[in-house]
Asks: 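Just dropping this structure here.
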Number of protein chains: 2
Amino acid sequence: MNLKKLSTLLGLSQTTVSRALNDYPEVSEATRKRVKDAARAYNYSANTRAKGLATGRSMAIGHVIPISTQHEMVNPVFADFIAGAGEIYSRNDHDMLLSVVADIDEERIYRELAAKASVDGVIIHGPRANDPRIKLLQELGLPFVVHGRTSDEVADYSWVDVNNRRSFQRATEFLLDLGHRRIALINGLELMDFAQRRKDGFLAAHANRDLAADPALMVSEEMTEDFGYRSASEMLRRALPPTAFLVSSMIAAIGVRRAIGDAGKKMGRDVSVIIHDDELSYLPNGVEIPIFTAAKSSVRLAGQLCAKMLLDIIASGDRTPHNKLLETELTLGDSTGPAPEGG
Amino acid sequence: MNLKKLSTLLGLSQTTVSRALNDYPEVSEATRKRVKDAARAYNYSANTRAKGLATGRSMAIGHVIPISTQHEMVNPVFADFIAGAGEIYSRNDHDMLLSVVADIDEERIYRELAAKASVDGVIIHGPRANDPRIKLLQELGLPFVVHGRTSDEVADYSWVDVNNRRSFQRATEFLLDLGHRRIALINGLELMDFAQRRKDGFLAAHANRDLAADPALMVSEEMTEDFGYRSASEMLRRALPPTAFLVSSMIAAIGVRRAIGDAGKKMGRDVSVIIHDDELSYLPNGVEIPIFTAAKSSVRLAGQLCAKMLLDIIASGDRTPHNKLLETELTLGDSTGPAPEGG
DNA sequence: AATCATTTCCAAAGCGCTTTGAGTAACCAA
DNA sequence: TTGGTTACTCAAAGCGCTTTGGAAATGATT
């Protein structure tokens with residue numbers, strides 16, 4: 001079924017049918033209803049490509065998912081982020097175009113996306129500390145929103161981010177208040193901007209109390225369960241083990257918990273753990289009582305906000321940067337307690 | 001930059017330039033090179049929609065991601081599957097179109113996808129025991145490949161699946177061989193086809209030895225960490241607790257492990273655990289020694305295979321069903337051991 | 001009855017590409 | 001010179017839609 005057939009069937013011109021379907025005012029309500037009913041009956045929807053070609057818009061948003069070439073790994077927050085963004089797109093008749101690509105040739109993909117005009121805008125995932133993609137997209141003139149920020153304060157662009165610095169500073173202060181003095185930071189890859197900010201917050205909390213954070217207790221890597229396990233195991237075997245862990249993700253924290261168990265210690269009593277929780281749907285932090293004390297921030301919500309922001313930017317044509325900084329919520333679980341005596 | 005400008009620039013007709021770029025034989029090598037160089041220099045790529053409109057193909061594959069309306073949850077294997085499929089698409093100049101949709105109105109989405117002709121084919125995720133989507137897509141004439149199968153043996157369609165039945169039968173036999181007699185099955189939602197097959201395998205292993213599986217030790221739900229924890233905790237508190245757990249996913253198994261720890265028992269000694277491992281990139285089953293004894297099967301590979309199969313089907317026009325059944329690999333970890341005496 | 005607004009509808013151009021059907025130039029053989 | 005190949009290149013139609021610039025029908029006003 002196409003417009004031509006449908007309009008012949010209805011005894012109307014293509015123009016009228018098109019206008020009826022697209023809610024133009026110059027069509028009578030009676031005609032509009034008749035047209036829409038027929039469209040439904042014959043299961044007609046305008047051909048995406050023809051419509052896009054005529055309007056110059058693709059009604060699609062691109063998400064470029066970089067696969068870490070080192071670890072061949074997909075970011076686990078990705079699924080929930082996509083779910084959030086996807087809801088918004090569906091609700092606004094937009095499609096989501098996903099490109100899975102080795103982080104090496106991301107630049108090529110963005111150029112192509114722009115040249116082929118296959119999307120009206122893109123979401124940038126996992127910004128690095130100093131990310132070339134931002135300048136690139138500005139040059140290409142493709143609207144975009146960054147999930148996160150780069151450390152480069154010069155560039156002006158739209159982003160949605162969590163206040164990672166403040167969140168980690170608060171979490172660290174929380175542990176310091178409990179008397180902990182040897183706090184380990186299990187952080188994400190330091191080339192990622194968010195990991196930098198988290199580390200800054202961690203250090204700032206120490207500095208504010210004239211304490212020095214121990215560099216030997218700060219590690220950063222891709223946040224897998226295994227990384228959490230390995231680093232915590234090793235630290236717990238030391239002569240002076242940490243009494244608390246501040247962990248950048250639920251998944252790494254699961255590894256830390258395993259290491260604590262293997263070391264014959266009890267989490268919350270012998271060793272405290274506080275985590276950043278992205279509220280992944282398949283890894284809820286407990287259901288009634290939280291397992292971990294956590295600074296939480298829904299990555300799914302972030303997906304919704306990014307999508308909404310980008311659609312707004314595209315629809316309004318307003319190119320001034322929009323920003324949204326989300327604060328985390330600190331929830332108490334069983335994984336934290338006062339530092340053990342003489343710990 | 002578009003074809004018209006590029007061809008004027010080169011002093012050629014649009015036809016010649018188009019043919020040069022699309023490797024038609026009736027263009028001299030010298031001309032072709034000149035055209036391709038210019039395209040690169042001016043960063044020209046054919047407009048997706050115009051090209052699609054002219055060719056009648058979209059060069060895009062649709063993935064419809066159902067969000068469980070009950071739990072608002074995304075399947076955690078999704079990210080890795082997508083990564084696998086995405087690699088294949090990139091390599092073959094195809095795009096991936098994602099629709100995130102409440103499982104309730106999936107049908108509408110498929111109809112739209114077909115009517116709008118926005119994709120050349122689709123991948124079906126998470127088939128239910130008796131899935132209406134298969135008949136629907138056959139009616140719509142949209143090529144598709146199912147990741148998994150439905151139990152409805154009548155319909156003929158293309159799929160890539162893991163031999164879940166055999167895998168779980170083997171795993172159960174492995175536990176029975178170790179002397180376990182009270183084995184718990186922590187399974188996925190039974191409306192999903194794969195959960196049915198896994199249960200069948202579990203039951204078959206018992207039946208083959210004239211043993212009866214205890215229905216009170218078989219639970220099924222959406223596979224979260226919390227579900228694993230709750231059900232294992234409850235079972236371990238019983239007068240006659242299970243001595244072994246067969247768990248349908250890594251994530252649920254992490255909950256089971258937590259429950260075992262909380263119960264003051266040691267995994268692998270007091271309680272055995274064997275899991276199905278999808279080899280999620282961010283949840284590796286240990287790095288040198290496996291944490292869990294596991295029947296493993298890479299979901300990323302499954303994504304690649306599905307994508308390849310679908311592209312083949314589309315390219316060849318061959319509508320006879322293609323199938324691929326993957327066997328799992330049973331790897332030994334520290335989580336299993338002989339049933340405790342008098343257990 | 002004539003004029004003017006309004007409402008409702010239409011024919012046709014154009015979006016950027018592929019592809020058909022044909023044309024031209026260059027070369028060779030007779 | 002002529003005719004026949006071969007190797008290149010082109011103009012224009014068409015993909016299915018939106019949208020411009022009118023035109024026809026209707027109703028209100030003089």
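Keep in mind that the numbers below use all heavy atoms, side chains included, and drop hydrogens, waters and symmetry copies. Nothing here was measured: the structure is a model prediction, and the numbers come from that model. Protein chains get the first letters and strands the later ones, always in sequence-line order, with residue 1 at the start of each.
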Asks: Compute the bend angle of the helix from C/dA1-D/dT30 to C/dA30-D/dT1 from the end axes (five pairs per end), rounded to 10°.
Replies: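 Inter-axis angle at the termini of the helix from C/dA1-D/dT30 to C/dA30-D/dT1: 60°.
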Asks: How close or far is atom P of D/dC15 from atom CE of B/Met59, stated in whole angstroms?
Replies: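 Rounding to the nearest Å, CE of B/Met59 and P of D/dC15 are 21 Å apart.
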Asks: Do the two ring centres, one from A/His125 and one from A/Phe81, sit under 6.0 Å apart?
Replies: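 When the ring centroids of A/His125 and A/Phe81 are compared, they turn out to be within the sub-6.0 Å range.
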Asks: Is it true that a side-chain atom of A/Ser90 and a backbone atom of A/Gly86 form a donor plus acceptor pair closer than 3.5 Å?
Replies: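 Yes: the side chain of A/Ser90 pairs with the backbone of A/Gly86.
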Asks: By nearest atom, which of the nucleotides C/dT18, D/dT9, C/dC9 is closest to the B/Thr16 side chain?
Replies: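 Within the option list, the nearest is D/dT9.
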Asks: Rounded to whole angstrom units, what separation is found between the CG atom of A/Asp23 and the C1' atom of D/dT18?
Replies: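 Nearest whole value for this atom pair: 15 Å.
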Asks: For residues A/Glu112 and A/Ser99, determine if any side-chain heavy atom of one lies less than 4.5 Å from a side-chain heavy atom of the other.
Replies: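 No. Closest side-chain heavy atoms not under 4.5 Å.
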Asks: Using atom CG of A/Leu12 as one end and atom P of C/dT7 as the other, report the distance to the nearest whole Å.
Replies: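 So the two atoms are 19 Å apart, to the nearest Å.
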Asks: Are A/Asp120 and A/Ser58 linked by a side-chain donor-acceptor pair shorter than 3.5 Å?
Replies: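 There is such a pair (donor and acceptor under 3.5 Å, judged by atom type) between the side chains of A/Asp120 and A/Ser58.
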Asks: With heavy-atom distances below 4.5 Å as the criterion, would you say the side chains of A/Leu311 and A/Lys308 are in contact?
Replies: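 Sidechains of A/Lys308 and A/Leu311: no contact.
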Asks: Are B/Thr31 and D/dT9 close enough that a side-chain N or O sits under 4.0 Å from OP1 or OP2?
Replies: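 For D/dT9, OP1 or OP2 has a side-chain N or O of B/Thr31 closer than 4.0 Å.
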Asks: In this structure, which one of A/Leu310, A/Ile313, A/Asp312 forms a side-chain contact (heavy atoms from CB on, under 4.5 Å) with A/Ser158?
Replies: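 Passing option: A/Ile313.
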Asks: What is the separation between atom CD on A/Glu26 and atom P on D/dT26, rounded to the nearest whole Å?
Replies: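 Rounded to whole Å, this separation is 19 Å.
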Asks: Closest-nucleotide mapping onto DNA chain C: is B/Asn2 or A/Val27 further toward the 5' terminus? I mean the 5' end.
Replies: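 Looking at the nearest nucleotide for each, A/Val27 comes out on the 5' side.
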Asks: In whole angstroms, how far is the P atom of C/dG14 from the CD atom of B/Gln14?
Replies: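 So the CD-P distance, B/Gln14 to C/dG14, works out to 14 Å.
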Asks: Taking atom NZ as the centre, does A/Lys324 end up with more than 12 heavy-atom neighbours from other residues, nucleotides or ligands that are less than 6.0 angstrom away?
Replies: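 For A/Lys324, atom NZ is not crowded (no more than 12 foreign heavy atoms under 6.0 Å).
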Asks: Using a 3.5 Å distance criterion without hydrogens, assess whether the side chain of B/Ser18 forms a donor-acceptor pair with backbone atoms of B/Gln14.
Replies: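 No; zero donor-acceptor contacts below 3.5 Å.
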Asks: Rounded to whole angstroms, how far apart are CZ on B/Arg57 and P on D/dG14?
Replies: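 To the nearest whole Å, that distance equals 23 Å.
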Asks: Check this one for me: any side-chain N or O of A/Ser13 less than 4.0 Å away from OP1 or OP2 of C/dC9?
Replies: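 No.
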Asks: Rounded to whole Å, please give me the gap between CE in A/Met1 and P in D/dG16.
Replies: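 Answer to the nearest Å: 13 Å.
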Asks: Nearest-Å distance, NZ (A/Lys4) to C1' (C/dA11)?
Replies: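 Distance check: A/Lys4 NZ to C/dA11 C1' gives 13 Å.
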Asks: Does either side chain, that of B/Asp80 or that of B/Ser281, offer a donor lying less than 3.5 Å from an acceptor on the other one?
Replies: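 Result is yes, a qualifying pair exists.
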Asks: Would you kindly compare A/Tyr24 and B/Arg19 by the position of their nearest DNA chain D nucleotide and give the one closer to the 5′ end?
Replies: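 The residue closer to the strand's 5' end, by nearest nucleotide, is B/Arg19.
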Asks: Please check the phosphate of D/dT9 (OP1 and OP2 only) for any side-chain N or O of B/Thr15 closer than 4.0 Å.
Replies: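 So the side chain of B/Thr15 is outside the cut-off, no N or O lying under 4.0 Å from OP1 or OP2 of D/dT9.
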Asks: Does A/Ser28 reach a base, just sugar-phosphate, or nothing at all? Heavy atoms under 4.0 Å.
Replies: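 Since only primed, P, OP1 and OP2 atoms lie under 4.0 Å of A/Ser28, the category is sugar-phosphate.
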Asks: Quick one: label B/Thr55 by what it contacts on the DNA or RNA (base, sugar-phosphate, nothing), any heavy atom closer than 4.0 Å.
Replies: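 Here B/Thr55 touches the backbone only, sparing every base.
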Asks: What pair of heavy atoms forms the shortest contact from A/Leu10 to A/Arg34, and how long is it?
Replies: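 The pair with the smallest heavy-atom distance is O-NH2, 3.3 Å.
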Asks: Does any residue of residues 44-54 of chain B have a heavy atom under 4.0 Å from DNA chain D, and if so, which ones, in number order?
Replies: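 Within residues 44-54 of chain B, the residues near DNA chain D are B/Leu53, B/Ala54.
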